[in-house]
2 protein chains.
Amino acid sequence: MTTASVPMAAPTTRMGSDERRELVLEAATIVFGQRGYSGTTTDQVAAAAGVSQPYVVRIFGTKEKLFLAVLQRALDVLMSAFRRAIAEDSEESVAHRMGTAYVDLLKDRGLLLSLMHGFVLGAETEIGKVARCGFLDVYRFLKNEAGLTAEEAADFLAHGMLLNTLVGMRMTDEYDTDPDARELLDGSLQHKLPLLLEVTDPTRKA
Amino acid sequence: MTTASVPMAAPTTRMGSDERRELVLEAATIVFGQRGYSGTTTDQVAAAAGVSQPYVVRIFGTKEKLFLAVLQRALDVLMSAFRRAIAEDSEESVAHRMGTAYVDLLKDRGLLLSLMHGFVLGAETEIGKVARCGFLDVYRFLKNEAGLTAEEAADFLAHGMLLNTLVGMRMTDEYDTDPDARELLDGSLQHKLPLLLEVTDPTRKA
DNA sequence: GGGCTAAGTAATCATTCGATTACAACACTC
DNA sequence: GAGTGTTGTAATCGAATGATTACTTAGCCC
C-alpha cells in the first residue's frame with residue numbers, strides 16, 4: 001500500500017487568492033459572453049476555471065456579484081485600452097486608433113460580449129446601474145479626453161454596438177458562404193478582420 | 001347555496017387558438033425583452049398572458065420554440081414597418097423615414113429588445129440561425145429595396161443597435177439626472193424622444 | 001340533446017442550480 | 001512540530017423550472 005490512499009493529491013502548488021480570483025474572472029468572462037447572465041451556471045464557470053463550484057460562489061458571494069465583477073473588469077480593461085490608444089503618437093486619427101484598440105479587445109475572449117449582455121439587462125437593478133454608469137463613462141471619455149464631438153462619439157459607440165452584435169450572433173460563421181455577411185464584416189472591421197476570424201474560429205487557416 | 005360550487009367559472013367566452021397564440025406571443029415579447037431568453041420562465045409568460053403555464057408550453061412545444069416564434073414575429077413586424085416606410089411618399093429621405101419607423105417600433109413593447117437578446121445569443125444553435133438570417137435579410141433590404149449603399153446600410157444598422165442598447169440598459173432612467181445621458185438620447189432619437197420616454201416610464205408627464 | 005373536438009387547467013415530476021455546511025490539506029509562524 | 005488561518009473540495013439541500021399527464025368544460029354539428 002502506498003503512503004497516500006487519498007485520491008490524487010494535487011501535484012500543483014497552491015495559488016494566491018488574488019491570482020485565483022483573476023483566473024476565475026477570465027473564465028467567467030468567456031462563459032458569460034457566450035451564454036449570457038441567466039444562461040450561465042456557476043458550475044460552468046467553475047469547470048472553465050478548473051475549480052469547484054462552491055469555491056466560485058465563495059470567492060464572489062453570489063452569481064450576481066460574480067457577473068458584476070466581470071462587467072467591472074471588462075469596463076476597466078476597455079478604458080485602459082482607450083487611454084493607451086489616445087496616448088500613443090501615430091499618424092492615424094484618434095478615432096481610428098481607438099477603433100483599432102476596440103477591435104483588439106476581441107482577443108480577450110468574451111469581454112465585449114459580456115459587456116453587451118450586461119448592457120441589455122438594464123431591468124436588473126444592480127446590473128443596470130453598472131451598465132449605465134459604465135456606458136456613460138465611456139461616452140464622457142470619448143468627448144472629454146479623446147476630443148470627439150457629441151455626434152462623433154455617438155457614431156463611434158453605434159459602430160461598436162454593431163460590432164458587438166455581429167460577433168454575438170456569430171456572423172463570422174457565414175463569412176465564407178454569404179457575400180452580404182462578408183461585406184458587412186469587412187465594412188465593420190477593415191484590416192482587423194483576420195483577427196476576428198481567428199478568434200471566433202481557431203481552426204481557420206489565415 | 002349557489003348553483004355553481006366550482007371556483008369561479010370563467011365569465012368570459014373562449015378564444016380561438018390563433019388569437020390566443022398571438023396574445024401569448026405579445027406577452028412573451030414583453031417578458032423576453034426585459035429578462036432575456038434564459039432569464040424568462042414560461043410561468044412568467046403565462047402570467048403575463050393570463051393563461052396557465054402548461055398551456056403556454058403546449059401551444060409552442062418548448063420554451064425555445066416560443067422564443068424562436070417571438071423572434072420571427074419581431075422580424076416580420078420590423079420588415080413590414082420598413083416596407084411601409086419606403087412605400088409612403090414624403091419629403092423626407094428614405095433613411096429618415098425608416099429611422100422614424102424603427103423608433104416607432106418601441107411602441108410594441110419588448111420587440112426590439114427581444115430581437116437584441118436573440119442577436120447576442122448566436123452560440124445557441126437554433127436561435128443563432130434565425131438571428132443571422134433575419135439580420136442579413138434586413139441588411140439586404142436596406143441595400144436592395146431601400147436603395148442605401150453598403151456604408152449607409154451599415155451606419156443605419158449601427159445606430160439601430162445603439163438605440164437598442166440604450167433602451168435595454170434603461171438609459172432613460174438617467175434622462176433627468178445626467179446631462180450626458182440626455183445628450184446621447186437626444187442625438188439618437190431627435191423628435192421621437194417623447195415616445196421613448198413615455199414607453200419606458202408611463203408615469204412621466206409630457 | 002348527445003357526442004365529439006378543441007380550449008384550458010390542476011397536479012405533479014424529474015432536473016437543474018445556487019447556495020450552505022462540513023471537512024481536508026497546505027503553508028506559515030513561533 | 002504544534003497550532004492556525006487560508007485554500008480548496010465533497011456532499012447535500014431547497015427552491016425553481018420546463019415539461020408531462022390526466023382531467024374538465026365550452027362550443028358545435030347532426
Side-chain angles (χ1 to χ4, degrees), chain A residues 2-25 27-28 31-32 34-70 121 124-127, chain B residues 2-25 27-28 31-32 34-70 121 124-127:
Chain A
T2 62
T3 53
S5 66
V6 284
M8 283 284 161
T12 61
T13 181
R14 284 210 177 168
M15 194 172 286
S17 65
D18 289 355
E19 197 180 350
R20 180 65 82 191
R21 186 188 155 94
E22 177 63 21
L23 220 92
V24 173
L25 270 184
V31 185
F32 277 127
Q34 57 183 28
R35 333 266 289 216
Y37 170 56
S38 299
T40 296
T41 72
T42 54
D43 213 32
Q44 290 165 346
V45 171
V51 298
S52 66
Q53 180 264 343
Y55 196 36
V56 169
V57 355
R58 207 175 62 183
I59 295 177
F60 294 93
T62 64
K63 175 177 150 177
E64 185 182 37
K65 284 180 186 162
L66 167 60
F67 187 66
L68 290 172
V70 164
L121 281 184
E124 292 275 328
T125 320
E126 295 302 317
I127 295 173
Chain B
T2 63
T3 54
S5 65
V6 285
M8 284 283 158
T12 62
T13 181
R14 283 206 177 173
M15 194 172 287
S17 65
D18 289 356
E19 197 181 349
R20 181 64 84 191
R21 186 188 155 97
E22 177 63 20
L23 219 95
V24 173
L25 270 183
V31 185
F32 277 128
Q34 59 183 26
R35 334 266 289 216
Y37 170 56
S38 300
T40 295
T41 72
T42 54
D43 214 31
Q44 290 164 345
V45 172
V51 296
S52 67
Q53 180 264 342
Y55 197 37
V56 168
V57 355
R58 207 175 63 180
I59 295 177
F60 294 94
T62 66
K63 175 177 150 175
E64 186 184 36
K65 284 178 186 164
L66 167 60
F67 187 65
L68 290 173
V70 165
L121 281 184
E124 291 275 327
T125 320
E126 296 302 317
I127 296 173

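From a predicted model like this one, the values you see are computed outputs, not experimental measurements. Letters go in sequence order (proteins before strands), and every chain restarts at 1.
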Enquirer: Find the distance M15(A):CE to dA27(C):C1' and express it as a whole number of Å.
Expert: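 The distance from CE of M15(A) to C1' of dA27(C) comes to 15 Å, rounded to the nearest Å.
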Enquirer: Measure from the side-chain heavy atoms of V57(A) and tell me the nearest of dT20(C), dT9(C), dG18(D).
Expert: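 Output: dT20(C).
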Enquirer: Which residues pass the side-chain contact (heavy atoms from CB on, under 4.5 Å) test with T62(B), sequence neighbours left out?
Expert: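 Here the qualifying residues are E64(B), K65(B).
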Enquirer: For residues 40-49 of chain A, run the donor-acceptor check on the side chains, cut-off 3.5 Å, and write out each pair with its distance to 0.1 Å, sequence neighbours left out.
Expert:
residue, atom, partner, partner atom, Å
T40(A), OG1, V31(A), O, 3.4
T40(A), OG1, G36(A), O, 2.7
T41(A), OG1, D43(A), N, 3.4
T41(A), OG1, Q44(A), N, 3.0
T42(A), OG1, Q53(A), NE2, 3.2
Q44(A), OE1, T41(A), N, 3.0

Enquirer: Round to a whole Å and report the spacing from CD1 of I59(B) to P of dT9(C).
Expert: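 Nearest whole value for this atom pair: 9 Å.
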Enquirer: Between atom CG in L66(A) and atom C1' in dA19(C), what is the gap in whole Å?
Expert: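 So the two atoms are 14 Å apart, to the nearest Å.
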Enquirer: For Y55(A) and dG8(D), give me the distance from atom OH to atom C1', rounded to whole Å.
Expert: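 For the pair Y55(A) OH and dG8(D) C1', the rounded distance is 6 Å.
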Enquirer: Could you tell me which residues satisfy side-chain contact (heavy atoms from CB on, under 4.5 Å) with R58(A), sequence neighbours excluded, listed by chain and number?
Expert: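 Residues passing side-chain contact (heavy atoms from CB on, under 4.5 Å) with R58(A): Y55(A).
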Enquirer: Whole angstroms only, please: what is the CZ-C1' distance between F60(A) and dA19(C)?
Expert: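 Computing the F60(A):CZ to dA19(C):C1' distance gives 16 Å.
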Enquirer: Output the distance between atom CZ (F60(A)) and atom CG (L68(A)), rounded to the nearest 0.5 Å.
Expert: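 CG of L68(A) is found 11.0 Å from CZ of F60(A).
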Enquirer: Quick one: pull up CZ in R35(B) and CD in E124(A) and give me the separation to the nearest 0.5 Å.
Expert: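 It comes to 6.5 Å.
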Enquirer: I'd like a table of atom pairs between the protein and nucleotides 11-15 of chain C - only N or O on both sides, under 3.5 Å - with the distance next to each one.
Expert:
none

Enquirer: Return the minimal non-hydrogen interatomic distance between Q34(B) and L121(A), and the atom names on each side.
Expert: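 Taking every non-hydrogen atom into account, O-CD2, 4.2 Å.
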Enquirer: Choosing from dG8(D), dG18(C), dT7(D), which nucleotide comes nearest the side chain of R20(A)?
Expert: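 It is dG8(D).
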Enquirer: Identify, with sequence neighbours excluded, every residue that meets ring-ring contact (aromatic ring centres under 6.0 Å, His included) alongside Y37(A).
Expert: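 Applying ring-ring contact (aromatic ring centres under 6.0 Å, His included) to Y37(A) gives F67(A).
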Enquirer: Judged by each residue's nearest nucleotide on DNA chain C, which is more toward the 5′ side, E64(A) or S17(B)?
Expert: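 Checking each residue's closest nucleotide, the 5'-ward one belongs to S17(B).
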Enquirer: Using atom CG of D18(B) as one end and atom P of dA6(C) as the other, report the distance to the nearest whole Å.
Expert: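 Interatomic distance, CG of D18(B) to P of dA6(C): 13 Å.
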Enquirer: Contact class for T40(A) vs. all strands (heavy atom < 4.0 Å): base, sugar-phosphate, or nothing?
Expert: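 Here T40(A) touches the backbone only, sparing every base.
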Enquirer: Can a side chain N or O of T42(B) be found less than 4.0 Å away from OP1 or OP2 on dG18(D)?
Expert: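 For T42(B), the contact criterion (side-chain N or O under 4.0 Å from OP1 or OP2 of dG18(D)) is met.
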Enquirer: Using heavy atoms and a sub-4.0 Å distance, could you list which residues of residues 43-51 of chain B are near DNA chain C? By number, please.
Expert: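 The stretch gives V51(B) as the residues lying under 4.0 Å from the strand, ordered by number.
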Enquirer: Looking at dT9(C), dA22(C), dG18(C), which one has an atom nearest to any side-chain atom of R58(A)?
Expert: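 Among the listed nucleotides, the one closest to the side chain of R58(A) is dA22(C).
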Enquirer: Which part of the nucleic acid, if any, lies within reach of S52(A) when heavy atoms closer than 4.0 Å are counted: base, sugar-phosphate only, or nothing?
Expert: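 S52(A): base contact, heavy atoms under 4.0 Å.
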